[in-house]
Student: 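Could you have a look at this structure, given as structure tokens, before my questions?
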Amino acid sequence: MRFITVSRAVKVLFLLMLVGPLVVRAGYVENFIYSFTGTRFLGTAQVLANDAVIYAFILGVLYLSFLSGLPRVWALVLRAIGFLAYGVYAADVAVLVSFNTHITVGDAVAYAGYAPRYIAQISRKRDVLMLAAAVLGVGVALCVLFSRYAPRRRAYHVLAGLVVGGLLLGSLFTSNGGYNHGWIYRNFISYNLEMRSEGRGYSDGFVSEFEYVDRWASEPKTAELPNIIVLLVESLSSYQSAYFSGLNDWTPRLDELAKQNVAYTGFYANGFCTNDCYIALLTGRAPIRPPASGRYKRGASFGGFDYLAETLPRVLSQKGYATEFLMAGDFGFGDVGWWAQKVGFDVIEGHDHPAYDGWDRYHFESAPDEALYGRVYERMAMQEGGKYFMFVTTMSTHHPFVNPENNKKSEEQTFKYGDRQLGLFHDRLMEMGFFEDGVLIILGDHHAMVPLKAGEAQRFGAYRAAARVPMVVSYGNKKQAVV
């Protein structure tokens, strides 16, 4: 096993590569906390304190691997361990910046198979740049991995001891309980240890706090059995709407529909991912999963909610409805299609339907919203006079917010595109006479996976803003109300 010498340029590149994720993470968390609280340097200081122990380990292991007299096999093992720790840390930073959450063992197991495809889909316009960066990074890493460099000056040993010792000392200044969003600057090891608490059973008191018994006020009324379309708009959040927040004017068509129909101005998502929304809407239960229920098995995202006797599709089927689950994305991701079968849908369609052939594909192999709405029209035409319930899930407004009209990455442009297509969909339903005996329910599945805006936190409060989403029930502009 032959070791090589490395140039000074490679050493400099390696050091820059080593500290790069730390700098990115510190900058991201600093901006997040400053935009939320107006406090400077809290994010940077706490990231440095929380991540100091990880960098002490990485640097310590790598330094030991370069000591003279150490067998080459052991040097390679130590360096491989150091690079592995660095790789996991860098992956966590990438997840944090992209999705505003840490990487967890459960998510890594559940989504590892799809992650490479997703990364390829969202970065297709930057493939050359990313490939060049990857080749450079791998090249530098291999040079260092097989380097025969050995520090001989005593000053190097002293410096290494001071750096590692200083990092360990800095790790004593963490303050993870002092801020409402302290999770964001905790390191991924600390965060995952906290997530292991999911393995403990929930107390009856804890669960009861999530239950709400409404006060019913009823009066005799003739039962209505309209055709129903539930339109779940990916990542639709209150802050994007002038009507629902006053912060941005990215959804003018939705706002118009809200004014002309029934608008729910205090509506909240039951979770922070689409699958949580599916559970809440289609089973009527809060998505509090039983501890360790199939966490790493098929249907992990729906553990505890996959074999229920009473679900919305089944209830409607008993009323004579045909039930359909339609999306233009990959329903194999997260076992969505499998679960839709389990809760009783008659028809389930995803991205692989021939109706989407010829359309450009985006994240999760999805066709644009325009194509999905076209398929909805086709399914409506196939109904033979009976009642139907369609659960339609859009995908174009999913992170990383790529506008299908020009393939540019822009949150504002992407939501304006989604809003235009939503408006055109409503217009077409009006032309088709759907609202003569139909109702359209439009809502967001969860807050967009981006940091809270200062304005929405100030207006609604941090906890409410994080879950606040629009909902509009349209009767074809025949009923107006604000709930």
Side-chain angles (χ1 to χ4, degrees), residues 224 226-271 274 276-278 280-282 312-313 316 323-329 366 368-377 379-380 388-398 414-448 467-483:
E224 296 181 5
N227 293 318
I228 306 167
I229 298 178
V230 173
L231 178 59
L232 194 64
V233 181
E234 172 63 47
S235 299
L236 180 64
S237 309
S238 293
Y239 75 85
Q240 299 149 3
S241 161
Y243 178 87
F244 286 95
S245 73
L247 297 175
N248 293 296
D249 190 16
W250 300 349
T251 59
R253 290 304 310 271
L254 174 71
D255 294 354
E256 177 186 346
L257 295 177
K259 296 172 185 176
Q260 296 173 346
N261 294 277
V262 182
Y264 289 75
T265 56
F267 190 76
Y268 296 91
N270 275 253
T274 307
D276 287 350
C277 181
Y278 289 157
L281 291 179
L282 297 175
L312 182 57
L316 290 174
T323 60
E324 304 193 1
F325 186 101
L326 307 177
M327 63 188 302
S366 63
D369 288 355
E370 179 183 357
L372 173 63
Y373 293 136
R375 182 56 183 161
V376 174
Y377 306 142
R379 289 303 308 173
M380 292 172 64
Y388 58 87
F389 165 65
M390 292 186 182
F391 191 84
V392 183
T393 302
T394 73
M395 195 68 71
S396 291
T397 47
H398 194 285
T414 301
F415 276 98
K416 286 183 175 179
Y417 163 80
D419 180 69
R420 281 193 298 274
Q421 295 303 323
L422 185 157
L424 292 172
F425 177 61
H426 189 274
D427 293 344
R428 181 69 182 276
L429 293 183
M430 293 280 284
E431 294 171 2
M432 297 171 68
F434 169 78
F435 293 106
E436 294 174 7
D437 188 24
V439 59
L440 172 65
I441 303 172
I442 307 166
L443 70 159
D445 52 354
H446 54 76
H447 188 283
R468 194 178 182 95
V469 296
M471 185 168 84
V472 175
V473 178
S474 174
Y475 296 90
N477 304 340
K478 293 182 291 188
K479 297 181 182 180
Q480 292 82 37
V482 176
V483 180

Student: What pair of heavy atoms forms the shortest contact from G438 to P226, and how long is it?
Tutor: CA-CB, 4.1 Å

Student: In terms of the angle between their ring planes, are F434 and Y388 parallel, tilted or perpendicular, with boundaries placed at 30° and 60°?
Tutor: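 F434 and Y388: tilted rings.
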
Student: Distance check, rounded to the nearest 0.5 Å: F389 atom CZ versus E324 atom CD?
Tutor: 10.5 Å

Student: Heavy atoms only: give me the nearest F325-M327 pair and the separation to one decimal.
Tutor: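 Minimum heavy-atom separation between F325 and M327: CE2-SD, 3.6 Å.
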
Student: Are any side-chain N or O atoms of S245 and backbone N or O atoms of S238, one a donor and one an acceptor, separated by less than 3.5 Å?
Tutor: yes

Student: I would like to know whether I229 and M380 meet side-chain contact (heavy atoms from CB on, under 4.5 Å); could you show each step before the answer?
Tutor: CA-CA 10 Å; I229 298 178; M380 292 172 64; 4.1 Å; yes

Student: For F267 and Y264, take the angle between the two ring planes, folded into 0 to 90°, and tell me which bin it lands in: parallel under 30, tilted 30 to 60, perpendicular over 60.
Tutor: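 The arrangement is perpendicular - the two ring planes meet at more than 60°.
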
Student: Quick one: does N270's side chain have a donor or acceptor within less than 3.5 Å of a partner on C277's backbone?
Tutor: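 Between the backbone of C277 and the side chain of N270 there is no qualifying donor-acceptor contact (under 3.5 Å).
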
Student: Evaluate the ring planes of H447 and Y239, with Trp represented by its six-membered ring, and classify them as parallel (under 30°), tilted (30 to 60°) or perpendicular (over 60°).
Tutor: tilted

Student: Rounded to the nearest 0.5 Å, how far apart are CG of D419 and OG1 of T414?
Tutor: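 D419 atom CG to T414 atom OG1 measures 12.5 Å (nearest 0.5 Å).
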
Student: Just verifying a value: how many Å separate S237 OG and R468 CZ, rounded to the nearest 0.5 Å?
Tutor: 11.5 Å

Student: Going from OG1 on T393 to CG on D445, what distance comes out if it is rounded to the nearest 0.5 angstrom?
Tutor: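 Going from OG1 on T393 over to CG on D445, the span is 8.0 Å.
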
Student: Checking the side chain of S241 only, and the main-chain atoms of Y243 only, is there a donor and an acceptor separated by less than 3.5 Å?
Tutor: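 Side chain of S241 to backbone of Y243, a donor-acceptor pair under 3.5 Å: yes, one is there.
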
Student: Could you tell me the separation between the CG atom of N261 and the CD1 atom of I441, rounded to the nearest 0.5 Å?
Tutor: 12.0 Å

Student: With distance as the sole test, does Q480 use its side chain to make a donor-acceptor pair with the main-chain N or O of Q260 at under 3.5 Å?
Tutor: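 A pair under 3.5 Å: yes.
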
Student: Would you compute the distance between atom CG of N477 and atom NZ of K259 and round it to the nearest 0.5 angstrom?
Tutor: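 Between N477 CG and K259 NZ, I get 13.0 Å after rounding to 0.5 Å.
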
Student: Closest approach of Q240 and A448, non-hydrogen atoms and distance?
Tutor: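 Taking every non-hydrogen atom into account, NE2-CB, 4.0 Å.
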
Student: Hey, is the main chain of K416 close enough, under 3.5 Å, to the side chain of R253 for a donor-acceptor pair?
Tutor: no

Student: For the side chain of D249 and the backbone of A242, is there at least one donor-acceptor N/O pair under 3.5 Å apart?
Tutor: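 Side chain of D249 to backbone of A242, a donor-acceptor pair under 3.5 Å: no, none is there.
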
Student: Hey, which of V483, V439, L257 is the one that makes side chain to side chain contact (heavy atoms under 4.5 Å, CB included) with V473?
Tutor: V439

Student: Y373 and side chain to side chain contact (heavy atoms under 4.5 Å, CB included): which partner among L429, L424, L231, L326?
Tutor: L231

Student: Begin with the C-alpha distance, continue with both residues' side-chain angles, and end with the deciding distance and a verdict on ring pair (Phe, Tyr, Trp, His ring centres under 6.0 Å) for F435 and H426.
Tutor: CA-CA 10 Å; F435 293 106; H426 189 274; 4.9 Å; yes

Student: Considering all heavy atoms of both residues, which atom of G418 and which atom of D369 are nearest to each other, and what is their separation?
Tutor: CA-OD2, 4.1 Å

Student: Could you give me the CA-CA distance, side-chain angles and deciding distance for L281 and F391, then say whether side-chain contact (heavy atoms from CB on, under 4.5 Å) is met?
Tutor: CA-CA 10 Å; L281 291 179; F391 191 84; 4.1 Å; yes

Student: Only one of V469, L236, L232 passes side chain to side chain contact (heavy atoms under 4.5 Å, CB included) with L443; say which it is.
Tutor: L232

Student: Could you check whether any side-chain N or O of S474 sits under 3.5 Å from a backbone N or O of L440, counting only pairs where one atom can act as donor and the other as acceptor?
Tutor: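 A pair under 3.5 Å: no.
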
Student: Has the side chain of T397 got a donor or acceptor atom that lies under 3.5 Å from a matching backbone atom of E234?
Tutor: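 The answer is yes, because a donor-acceptor pair under 3.5 Å joins these two groups.
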
Student: Under the criterion side-chain contact (heavy atoms from CB on, under 4.5 Å), I'd like the reasoning laid out for F244 against V472: C-alpha separation, chi angles, the key distance, then a yes or no.
Tutor: CA-CA 11 Å; F244 286 95; V472 175; 3.9 Å; yes

